[in-house]
Structures are given as C-alpha cells and as structure tokens.
Amino acid sequence: MVTIPIDWALYQTYLAGELVHEIVMATILHRPVRDMNLGLLDIDTCIALEQLAKVMATAYSNAVRLKIDMVRYNDALDKDESGRSETREENLFNRFPPDEERFLTTPSVVIDSGGRIIVWYLPGALTAMIMKDIHGATHSMSGLLKHSITTSKITQWRTNRSNFHTSPDGMVTPGCINISPAWFQQGREKHGFPNIDPEDGFSPEVSAALKGDAGRNITMSLQRSGIIVSAALRVMHPDLYWAGMETQVRLGKWAARYELDEMHYHLQRWTSVFNVVSIICNRRSPPHRDPKCRPAAFDIMTTAGRYHPVVMDFMNLGIKFLYNSGSMLASSCRLVRHYMNVEEGNRIVTAWYMRDSIHNFVGTPSTEYAKYDRVNM
C-alpha cells in the first residue's frame, strides 16, 4: 500500500475514505461502526461523508442486473469512439440491445452479466454544505468560465456557445474548464515507457487554470469536493482508488526531484485521487462518449444548483436516471453513451476523471473492473 505523506492534503482524503468504507460495511453487515481517526476533517465534511456512506450502502443493496457483457461490448468499440455518429451507434445498439427500458430514481448499482459494477447512481449523495461549497468554488472561477466559451466548429461541442444557456439571476457563469495539478497537454500524451526527465520531451504540466496565485486559490476551494468524490471511489472501486493515490504521490516525488515547484505545491494540496476535474456550468450535453476514459475505470459526476428536474440518459444501456441537484453518478464514460439536456436554471457539474497516460507516466499498474460482492468490498 502506498505511503501518503502525513502533511499532504491527500492524507485527510485517506482518512475520509476509510471512514466512508467503514460506515458502508457496518451498515451492510448490520454491525456497529468502529471508532475512526478523523484527523483534521472538520464537522461539515464528516457530516457529508456520513450522508454519502448511507446513500452508498442503500445503493449497494439495490443492484440492477443487466444481460449485457461490458467486456465484449468494449471489444466492439473503436479506440476513439465518440458516440456522436448516429449510424455507428445504431449499429452498436442493434448488436447489443438493452433487455428492457428502466427509469431509476433511488440509489442503485448497475451490474453486467459478469458481475462487474458499471454504474453507481447516488441521488442525495451531497449535503447542502457541499453544494454551497461547490457554488463558492465555481464563483471564484467566473472569469475562466466566461473565457472558455468559443464559437469554433460545432463538432467541438464541449465549449461551443450554442450548448450553453445564460443564468436567470447571474449567479452562475456558463462555461467549461479543465483543472489538473499535473496532466499532458492535448496531443502530448505518452504511452509505453516514457522518459521522465522534463528535458527529454513532453512531460506533465500544471493546467492553465491553476497558474499563479488565482490557481492556488482554486486548488484550495476544491479540497472538500475532492475529498467527497475520492471517499466515494474508495468504496466503488478500491483498486482504482489506491492506484490514484499511488499516482499522485509518485507525481509529487517526481515534481520535487526535478524542482517543479508549482506542480509540487498543487499536488501537496490536491485532495482528489483523480487527475482532472472539469467544471461545467449551464451546458446541455448531446449524446456522446468520452473515448479517453478507461473501460474498467469510473468517472464521477456531481450536480448542484437550482433547475427543473433533469433526466440523465444512458442510451445504450436503456437506463434513465433522475438527476436532481445533489446527485452523484459514476461510470466509465467510454462504455456508456450518455445524454442530458438542461435549458434553464443554474446547474454546476463537476466531472472527476483519471487520465491513464498520467498513471503510465509514473508506472502505476492498470486496474481491472470492479466486481459486485455482497460481503467483501
């Protein structure tokens, strides 16, 4: 198991993950919760972790089983499957038709025919304090969000102006930005056995949003959210969680070795086991996939704000989810073609994900699918 420096913010994430895991296990097995070391976790964070754990325990006891084998389904996907071609998606749909249409409104896990967990659906996972925290963090990014919107080709839909709507009260700035303490710039990702000396070629960099003093404030503002989603992953996919922990620590050692002070500063204060978070405000999302996501991994999305009830559609699985404010949804966004449309109100999505190229860069082994086991987690 990785040794996490006790003076890193990630150590508090470790304590949070152990707390959530203990509460979930105690709830499922109907036993008392053991006393836990809470470190520097404040009362609001502990309350949020307890609520998250209770929702996760409910979800784990409410398994939805599908007939589809997601390993074979992934084998049928192209490497850069975007989900944007209706003809291509119709062909896939006919080869792997859903066994029935479902609409989920209560906490659930979705399992394929091989016992692999492919979705965690957690409505009510976030407390009001966490959602307030997300709003505050997003407000500090208003300038970045405003300048993120483009009028480029419609195929670059993630930041195209046509997919955003204005805030009715000006409380949320529409836009989409990516934040990471260490990632590869687009087109510079390495695979295989990359050189680790920054002078020998392309290396991870701090994302533009975290540059300078404003970037330091952003990292601090995301700490509580990072703890919550990481603690959730501790239960959802333990192997991926520990791989994320190991990657962040190895990156920190690499940054210190090569005197990359800005990166090392952010990694010391970054609470998430995920490499990247996207902050997405008031955007409609057409049907799509995210081809860079690993099939056996989980991306975690949370939603906060005031808006009319929204449905998240996992189209290829035949499952729709009520996606109200305070919900958390985890899946591999490569495997699921997903769609959601919001035309009014204020809505903030945080999408946390890992880039496998970063894990590869520091030599963290790849992980397998999470399996459903009613006893061992």
Side-chain angles (χ1 to χ4, degrees), residues 9-10 12-13 16-17 45 48 52 120 122 125-126 130-145 148 158-159 172-186 204-211 214-234 236-237 240-241 243-245 247-248 251 263 265-283 285 290 292-294 297-305 327-333 347-359:
L10 202 62
Q12 303 306 314
T13 302
T45 302
L52 170 67
W120 279 82
L122 304 173
L126 305 184
I130 294 299
M131 288 187 279
K132 181 180 179 181
D133 209 58
I134 291 171
H135 272 274
T138 305
H139 184 73
S140 70
M141 308 172 200
S142 295
L144 293 169
L145 288 163
S148 70
R158 285 176 172 82
T159 56
V172 170
T173 302
C176 173
I177 57 174
N178 300 318
I179 299 169
S180 174
W183 72 340
F184 287 107
Q185 297 295 332
Q186 187 171 4
E205 302 175 27
V206 177
S207 67
L210 294 187
K211 301 285 187 180
R216 295 187 174 201
N217 292 334
I218 288 174
T219 290
M220 300 301 289
S221 72
L222 291 170
Q223 284 189 326
R224 192 178 273 138
S225 296
I227 287 173
I228 297 298
V229 295
S230 299
L233 190 67
R234 171 67 179 88
M236 293 174 178
H237 198 320
L240 185 63
Y241 168 86
M245 280 283 190
T247 296
Q248 304 296 52
L251 276 171
M263 182 183 295
Y265 174 91
H266 287 292
L267 286 167
Q268 281 187 307
R269 292 158 179 81
W270 187 259
T271 57
S272 179
V273 297
F274 293 90
N275 308 129
V276 191
V277 59
S278 293
I279 309 296
I280 307 164
C281 298
N282 288 1
R283 188 186 74 185
S285 297
D290 296 310
K292 289 186 178 182
C293 297
R294 288 189 56 246
F298 284 134
D299 312 315
I300 297 183
M301 294 181 290
T302 70
T303 180
S327 297
M328 181 182 291
L329 192 59
S331 68
S332 167
C333 290
R347 181 172 171 276
I348 303 168
V349 169
T350 63
W352 298 84
Y353 51 97
M354 297 182 185
R355 282 288 177 254
D356 192 54
S357 56
I358 291 291
H359 284 224

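Residue numbers run from 1 in the order of the sequence given. From a predicted model like this one, the values you see are computed outputs, not experimental measurements.
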Q. So how far is it from Met220 CE to Arg216 CZ, rounded to the nearest 0.5 Å?
A. 11.0 Å

Q | Gap separating the CH2 atom of Trp270 from the CG atom of Leu251, nearest 0.5 angstrom | A | 12.0 Å

Q | Smallest separation among heavy atoms of Ala209 and Leu144, with atom names | A | CB-CD1, 3.9 Å

Q. What residues, two or more places apart in sequence or in another chain, satisfy ring-ring contact (aromatic ring centres under 6.0 Å, His included) together with His266?
A. none

Q: Measure from the side-chain N and O atoms of Ser230 to the backbone N and O of Ile227, and report whether any donor-acceptor pair falls under 3.5 Å.
A: no

(Q) If we ignore hydrogens and angles and just use 3.5 Å, is the side chain of Thr13 paired with the main-chain N or O of Thr271 as donor and acceptor? (A) yes

Q: Tell me, please, which residues at least two apart from Ser180 pass side chain to side chain contact (heavy atoms under 4.5 Å, CB included).
A: Trp183, Ser207, Val276

Q. Checking side chain to side chain contact (heavy atoms under 4.5 Å, CB included) against Thr302, which of Val349, Ile134, Ile130 comes through?
A. Ile134

Q | For Ala232 against Met328, the heavy-atom pair lying closest together | A | CB-SD, 3.8 Å

Q) How close do Pro204 and Met263 get, heavy atom to heavy atom, and via which atoms? A) O-CE, 3.3 Å

Q: With sequence neighbours left out, write down each residue that passes salt bridge (Lys or Arg N to Asp or Glu O under 4.0 Å) with Lys132, or none if nothing qualifies.
A: none

Q. Should Ile300 and His237 count as side-chain neighbours, where that means a heavy-atom distance under 4.5 Å?
A. no

(Q) What's the separation between atom OG1 in Thr138 and atom CD1 in Ile280, rounded to the nearest 0.5 Å? (A) 11.0 Å

Q.
Can you confirm whether Ser221 sits close enough to Met141 that some side-chain heavy atom of one is under 4.5 Å from a side-chain heavy atom of the other?
A. yes

**Q.** Interatomic spacing from CG in Asn178 to OG1 in Thr159 - rounded to 0.5 Å
**A.** 9.5 Å

Q) Which atom pair, heavy atoms only, marks the closest approach of Ala330 to Phe298? A) C-CD2, 4.1 Å

Q. Ser140 side chain to Ala137 main-chain N or O, any donor-acceptor pair under 3.5 Å?
A. yes

Q. Between CZ of Arg294 and SG of Cys333, what distance do you get to the nearest 0.5 Å?
A. 14.0 Å

(Q) Has Ser148 got a side-chain atom pairing as donor or acceptor with Ile177's backbone, closer than 3.5 angstrom? (A) no

Q: Report yes or no: is the cationic atom of Arg269 (NZ for Lys, CZ for Arg) under 6.0 Å from the centre of the six-membered ring of Tyr265, at an angle within 45° of the ring normal?
A: yes

Q. Of all residues at least two apart in sequence or in a different chain, which pass the salt bridge (Lys or Arg N to Asp or Glu O under 4.0 Å) check with Asp299?
A. none

Q) With side chains defined as the heavy atoms from C-beta onward, is the minimum distance between Asn275 and Phe184 less than 4.5 Å? A) no

Q: Taking the side chain as every heavy atom from C-beta outward, state whether Thr247 and Met354 have any atom pair closer than 4.5 Å.
A: no

Q: Measure across His135 and Gly305 and return the closest heavy-atom pair with its distance rounded to 0.1 Å.
A: NE2-CA, 3.6 Å

Q: Measure across Gly17 and Tyr241 and return the closest heavy-atom pair with its distance rounded to 0.1 Å.
A: CA-OH, 4.2 Å

(Q) Do Leu233 and Met245 have side chains that approach each other closer than 4.5 Å (heavy atoms only, starting at C-beta)? (A) no

Q. Can you list every salt bridge (Lys or Arg N to Asp or Glu O under 4.0 Å) pair that touches residues 134-143, not counting sequence neighbours?
A. none

Q) Who are the salt bridge (Lys or Arg N to Asp or Glu O under 4.0 Å) partners of Arg283, not counting sequence neighbours? A) none

Q) Looking at OG1 of Thr303 and CE of Met131, how far apart are the two atoms once the value is rounded to the nearest 0.5 Å? A) 9.0 Å

Q: Spell out, as yes or no, whether a donor-acceptor pair under 3.5 Å connects the side chain of Gln248 to the backbone of Phe274.
A: yes

